[in-house]
Amino acid sequence: MADDLHAVARFLLEAGTLKQNRRTGWWMAGVRDPESVAEHAWRTSLIASVIAQLEGADPARAALLAVWHDSQETRTGDVNHLGKKYAPSADPQAVTADQTAGMPEGLASVVRAWVGEYEAKESPEAVCAREADKLECLLQGIEYLAQGYANAQRWVDNSRGRLVTKTGKRLADELLNQGSLDWLRAALGEKP
């Protein structure tokens with residue numbers, strides 16, 4: 001068993017690099033120090049669980065799929081949409097297969113299945129996880145707008161236009177109608 005965990009330990013170390021990998025598309029909006037892929041994945045997972053619960057899907061499974069949705073970026077980096085125009089993106093399932101090589105088969109096969117389910121875009125949970133990815137980008141854009149990055153509006157608008165679920169669209173509208181610190185004012189009992 002200890003030998004089987006060698007590849008798992010290696011993957012866990014690899015996964016930690018997502019804390020340093022930056023979301024590169026924001027550089028085009030002028031954001032000097034954008035959030036990391038790991039930060040994005042965490043909030044995407046939280047949003048996925050919320051959307052799934054409100055859409056009648058399994059929130060835990062949607063969050064799980066969202067946790068893994070960008071795990072391949074340890075090897076590929078975060079290739080933004082402009083970069084993908086010139087260099088086709090790597091197949092996430094092929095990257096995941098490489099990442100899980102040598103792991104105990106019961107673990108490797110389930111990780112590959114999670115990534116495959118997300119990429120297939122067919123299960124309600126995958127739809128919710130993908131929706132959360134777009135909504136998280138919209139939310140991050142709102143925060144960057146509040147920090148003075150006016151070019152982030154393009155990401156907000158594009159993300160809003162790509163939402164498909166009723167819950168995702170309604171949440172986007174709510175987010176767009178609130179200030180980024182309205183939550184703090186409410187928590188402190190201040191009037192809007």
Side-chain angles (χ1 to χ4, degrees), residues 1-26 34-140 159 162-165 167-168:
M1 180 72 167
D3 288 340
D4 290 348
L5 295 183
H6 180 78
V8 175
R10 193 173 56 233
F11 174 78
L12 294 175
L13 290 166
E14 178 181 336
T17 66
L18 293 177
K19 295 193 298 185
Q20 285 78 45
N21 288 4
R22 298 291 162 201
R23 303 254 300 153
T24 63
W26 292 114
E35 85 277 14
S36 71
V37 173
E39 290 166 321
H40 163 72
W42 174 80
R43 188 158 61 178
T44 299
S45 299
L46 187 74
I47 294 168
S49 68
V50 169
I51 292 173
Q53 180 64 37
L54 295 172
E55 289 284 318
D58 180 348
R61 185 154 192 91
L64 176 67
L65 298 179
V67 164
W68 290 91
H69 87 281
D70 281 340
S71 60
Q72 308 79 25
E73 292 182 12
T74 60
R75 302 214 175 166
T76 65
D78 178 50
V79 180
N80 60 55
H81 288 289
L82 180 60
K84 289 177 182 176
K85 177 180 176 183
Y86 300 100
S89 57
D91 173 19
Q93 291 173 280
V95 175
T96 301
D98 282 347
Q99 289 174 311
T100 58
M103 288 185 183
E105 186 51 37
L107 175 60
S109 64
V110 76
V111 169
R112 291 190 302 263
W114 294 334
V115 171
E117 181 178 349
Y118 179 84
E119 293 300 324
K121 310 172 194 174
E122 293 174 357
S123 71
E125 292 76 16
V127 171
C128 291
R130 296 181 82 80
E131 188 85 340
D133 185 33
K134 296 170 188 76
L135 194 58
E136 199 287 325
C137 186
L138 179 140
L139 183 51
Q140 187 64 62
S159 296
R162 295 171 62 209
L163 296 172
V164 297
T165 67
T167 301

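Nothing fancy with the numbering, it's 1 onward along the sequence.
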A.B. asks: Scan for salt bridge (charged side-chain N to carboxylate O under 4.0 Å, His left out) pairs involving residues 74-84, sequence neighbours excluded, and state none if there are none.
C.D. replies: E14-R75
A.B. asks: Looking only at non-hydrogen atoms, find the nearest pair between T76 and A90 and report the distance.
C.D. replies: CG2-CB, 3.8 Å
A.B. asks: Within this structure, what is the SG-CZ distance for the pair C137 and R43, rounded to the nearest 0.5 Å?
C.D. replies: 10.0 Å
A.B. asks: Report yes if the side chains of Y118 and D133 come closer than 4.5 Å at any heavy-atom pair, otherwise no.
C.D. replies: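 Yes, their side chains come closer than 4.5 Å.
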A.B. asks: Is there a side-chain contact between H40 and H69 in this structure, where contact means two heavy atoms from C-beta onward sitting under 4.5 Å apart?
C.D. replies: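 Side-chain contact under 4.5 Å: yes.
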A.B. asks: For a quick test of reading the model, state the closest non-hydrogen atom pair linking R22 to K19 and the distance between them.
C.D. replies: NH2-O, 4.3 Å
A.B. asks: Say you draw a straight line from CD of E39 to CG of L18; how long is it, rounded to the nearest 0.5 Å?
C.D. replies: 11.0 Å
A.B. asks: Can you find a heavy atom in the side chain of W42 that is under 4.5 Å from one in the side chain of S36?
C.D. replies: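 No. Closest side-chain heavy atoms not under 4.5 Å.
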A.B. asks: Which heavy atom of Q72 sits nearest a heavy atom of T96, and at what distance?
C.D. replies: NE2-OG1, 3.1 Å
A.B. asks: Mind checking the CG-CD1 spacing from L163 to I51? Nearest 0.5 Å is all I need.
C.D. replies: 7.5 Å
A.B. asks: Test your reading of the model: is there a side-chain donor-acceptor pair from E125 to the backbone of A52, 3.5 Å cut-off?
C.D. replies: no
A.B. asks: Cut-off 3.5 Å, no hydrogens considered: what does the side-chain donor-acceptor table look like for residues 55-64, sequence neighbours left out?
C.D. replies:
residue, atom, partner, partner atom, Å
E55, OE2, T167, N, 2.9
E55, OE2, T167, OG1, 2.5
D58, OD1, A60, N, 3.0
D58, OD1, R61, N, 3.3
R61, NE, E117, OE1, 3.0
R61, NE, E117, OE2, 3.4
R61, NH2, E117, OE1, 2.5

A.B. asks: Is the closest basic N to carboxylate O distance between R112 and E119 below 4.0 Å?
C.D. replies: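 A salt bridge is absent here (no side-chain N lies under 4.0 Å from a carboxylate O).
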A.B. asks: Output all residues satisfying side-chain hydrogen bond (donor to acceptor under 3.5 Å, both in side chains) with D91, sequence neighbours left out; order by chain, then residue number.
C.D. replies: none
A.B. asks: So which heavy atom on E73 is nearest to which on N21, and how close?
C.D. replies: O-ND2, 3.0 Å
A.B. asks: State, to 0.1 Å, how close E122 and A126 come at their nearest heavy-atom pair, and which atoms those are.
C.D. replies: N-CB, 4.3 Å
A.B. asks: What are the two closest heavy atoms between L65 and S123, and how far apart are they?
C.D. replies: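 That closest heavy-atom pairing would be CD1-OG, 4.4 Å.
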A.B. asks: Should the pair W114 and W68 be assigned to parallel (<30°), tilted (30 to 60°) or perpendicular (>60°) ring geometry?
C.D. replies: tilted
A.B. asks: Nearest 0.5 Å, what's the OG1-CZ distance between T44 and R130?
C.D. replies: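 Going from OG1 on T44 over to CZ on R130, the span is 12.0 Å.
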A.B. asks: Is the backbone N or O of E35 less than 3.5 Å from a side-chain atom of R23, with the two atoms forming a donor-acceptor pair by type?
C.D. replies: no
